[in-house]
Amino acid sequence: MESAVGTMNHEFKANSTITIKGILSLLMESVGENSKRVISLGIGDPTLSTCFPNTKVAEEAVADALHSAKFHGYAPTPGLLQARSAIAKYLSDDLPYELSSDDVFITCGCTQAIDVSVALLARPGANILLPRPGFPIYELSAAFRQVEVRHYDLLPEKGWEVDLDAIEALADQNTVAVVIINPGNPCGNVYSYHHLEKIAKTAKRLGTIVIADEVYGHLAFGDNPFVPMGFFGSIVPVLTLGSLSKRWIVPGWRLGWFVTNDPSGTFRKPKVVERIKKYFDLLGGPATFIQVL
């Protein structure tokens, strides 16, 4: 029996190193032995540092919602109306048009919003354009949905701007979306208004949409102020993804959003709306009392 357990433990240890996290752990251990200082570009959790405490206001809001005994049941699959309305109002402050609660769907963090966006666009032969460097969850989601990934480079000599020529060369009639991450992860860049406008016009010319990952939208410093991609929703349809995680230092609360920025109404077509709603019927969102925030 002990021999069998020992064999199982050995196999588990060997298999665990095959994963990306396992290989990364081995690499970090090796670097540590040589006393070299490195910065991990893996998933960031600000709660691990005492430099970033979360606000008592958020904690008290959650406690009040929980103690009210009004939010123990299931939330509607798109999310609580009050949460969707609040997010719509919050995002509309930086847009030239008003979002409504119908444009907003609550997700279990931004990770689920990423998977929803890829899943909804997936179809036979589809491809999606992703930034390089970028956030690896997009590749994983695309692989599960059998969506081909095509990488375009970010240009370090231009502040990690999108290589628009590469996008033109990579896109075809099966391209379902161009993904941008702004502010950038892992490069830390913030795109200018004019660069975002060029991205929107390029996507329109190619007949595709833009998925805008803006989870770091309120952590922008320097000369370029953060401009939401949804500002250009009248040029090209935009799916905006975000969450509470980074701004409020609460990644474990798992509250994110999937928002359609589309004044022209592409996402409001009955068949499109029905597909989005049916897909959310399959998902389990964040805890109901968290959505009361």
Side-chain angles (χ1 to χ4, degrees), residues 75-121 128 135 137-138 141 176-183 185 191 196 199-200 203-204 208-220 226-248 251 253-270 272-283 285-286 290-293:
T77 52
L80 286 180
L81 178 59
Q82 63 198 84
R84 296 166 66 198
S85 297
I87 291 169
K89 183 178 182 303
Y90 163 70
L91 295 178
S92 294
D93 288 343
D94 296 319
L95 299 174
Y97 54 89
E98 291 290 324
L99 295 170
S100 77
S101 59
D102 291 336
D103 299 312
V104 179
F105 298 84
I106 306 298
T107 60
C108 191
C110 194
T111 298
Q112 190 179 62
I114 291 170
D115 190 54
V116 168
S117 63
V118 175
L120 287 172
L121 295 170
I128 189 168
F135 186 54
I137 294 296
Y138 287 94
S141 183
V176 293
V178 176
V179 174
I180 66 164
I181 304 174
N182 181 48
N185 178 9
Y191 293 142
L196 291 171
I199 294 171
K204 179 182 180 179
T208 189
I209 71 168
V210 176
I211 296 174
D213 184 327
E214 298 178 348
V215 73
Y216 290 97
H218 285 274
L219 293 176
F226 170 70
V227 177
M229 190 69 205
F231 196 93
F232 306 99
S234 58
I235 297 176
V236 65
V238 176
L239 295 177
T240 297
L241 316 181
S243 78
L244 291 182
S245 300
K246 302 303 188 293
R247 184 185 183 190
W248 292 93
W253 290 9
R254 311 307 300 144
L255 194 144
W257 48 83
F258 168 100
V259 179
T260 58
N261 291 267
D262 179 33
S264 300
T266 301
F267 290 117
R268 294 193 181 95
K269 294 178 180 178
V272 176
V273 173
E274 182 183 9
R275 184 177 184 187
I276 294 175
K277 287 183 176 179
K278 282 187 175 180
Y279 192 76
F280 272 89
D281 285 343
L282 297 173
L283 304 177
I290 290 292
Q291 297 184 40
V292 180
L293 289 173

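Here Asp102 contributes atom CG and Leu81 contributes atom CG; the two are 8.5 Å apart, rounded to the nearest 0.5 Å. In this structure, the separation between CG on Leu244 and CH2 on Trp253 is 8.0 Å, given to the nearest 0.5 Å. Distance check, rounded to the nearest 0.5 Å: OH of Tyr97 to CG of Asn261 gives 3.5 Å. Taking CD1 of Ile211 as the start and OH of Tyr138 as the end, the distance is 6.5 Å to the nearest 0.5 Å. For the atom pair CG of Asp94 and CZ of Phe231, the computed distance is 9.5 Å after rounding to the nearest 0.5 Å. The structure places CZ of Phe280 at 7.0 Å from CD of Gln112, a figure rounded to the nearest 0.5 Å.
In this structure, the side chain of Glu214 does not engage the main chain of Pro228 through any donor-acceptor pair within 3.5 Å. When atom types are taken as modelled, the side chain of Ser117 and the backbone of Ile114 share a donor-acceptor pair closer than 3.5 angstrom. Counting only distance, with no hydrogens or angles, the side chain of Ser92 and the backbone of Ala88 share a donor-acceptor pair below 3.5 Å. Thr240 contributes no side-chain N or O that, together with a main-chain N or O of Ala212, makes up a donor-acceptor pair within less than 3.5 Å.
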For Asp213 and Asn182, what are the C-alpha separation, side-chain angles and deciding distance, and is it a side-chain contact (heavy atoms from CB on, under 4.5 Å)? CA-CA 6 Å; Asp213 184 327; Asn182 181 48; over 6 Å; no
Derivation and outcome, side-chain contact (heavy atoms from CB on, under 4.5 Å), residues Ile209 and Leu121: CA-CA 10 Å; Ile209 71 168; Leu121 295 170; 3.9 Å; yes
Would you sort out whether Arg254 and Thr111 count as a side-chain contact (heavy atoms from CB on, under 4.5 Å), showing the intermediate values? CA-CA 9 Å; Arg254 311 307 300 144; Thr111 298; 3.8 Å; yes
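Asp262 meets the salt bridge (charged side-chain N to carboxylate O under 4.0 Å, His left out) test with no other residue; sequence neighbours excluded.
The two residues Ile106 and Gly79 come nearest to each other via the heavy atoms CG1-CA, 3.6 Å. For the residue pair Ala113 and Phe258, the shortest heavy atom distance occurs at O-CD1, 4.1 Å. The minimum heavy-atom distance linking Gly233 with Val238 is given by the pair CA-CG2, 4.3 Å. Between Val292 and Leu80 the shortest heavy-atom distance is CG2-CD1, 4.0 Å. Here the closest non-hydrogen pair linking Leu196 and Val227 is CD1-O, 3.2 Å. For the pair Ala83 and Gln291, the tightest heavy-atom approach, listed with the atom from each and the gap, is CB-O, 3.2 Å.
Contact check for Leu239 versus Val259: no side-chain heavy atoms found under the 4.5 Å cut-off. Arg268 is listed as a side-chain neighbour of Asp103, based on a closest heavy-atom distance under 4.5 Å. Ile276 is listed as a side-chain neighbour of Phe105, based on a closest heavy-atom distance under 4.5 Å.
Ring orientation note: the planes of Tyr90 and Trp257 are nearly perpendicular, at an angle over 60° on the 30°/60° scale.
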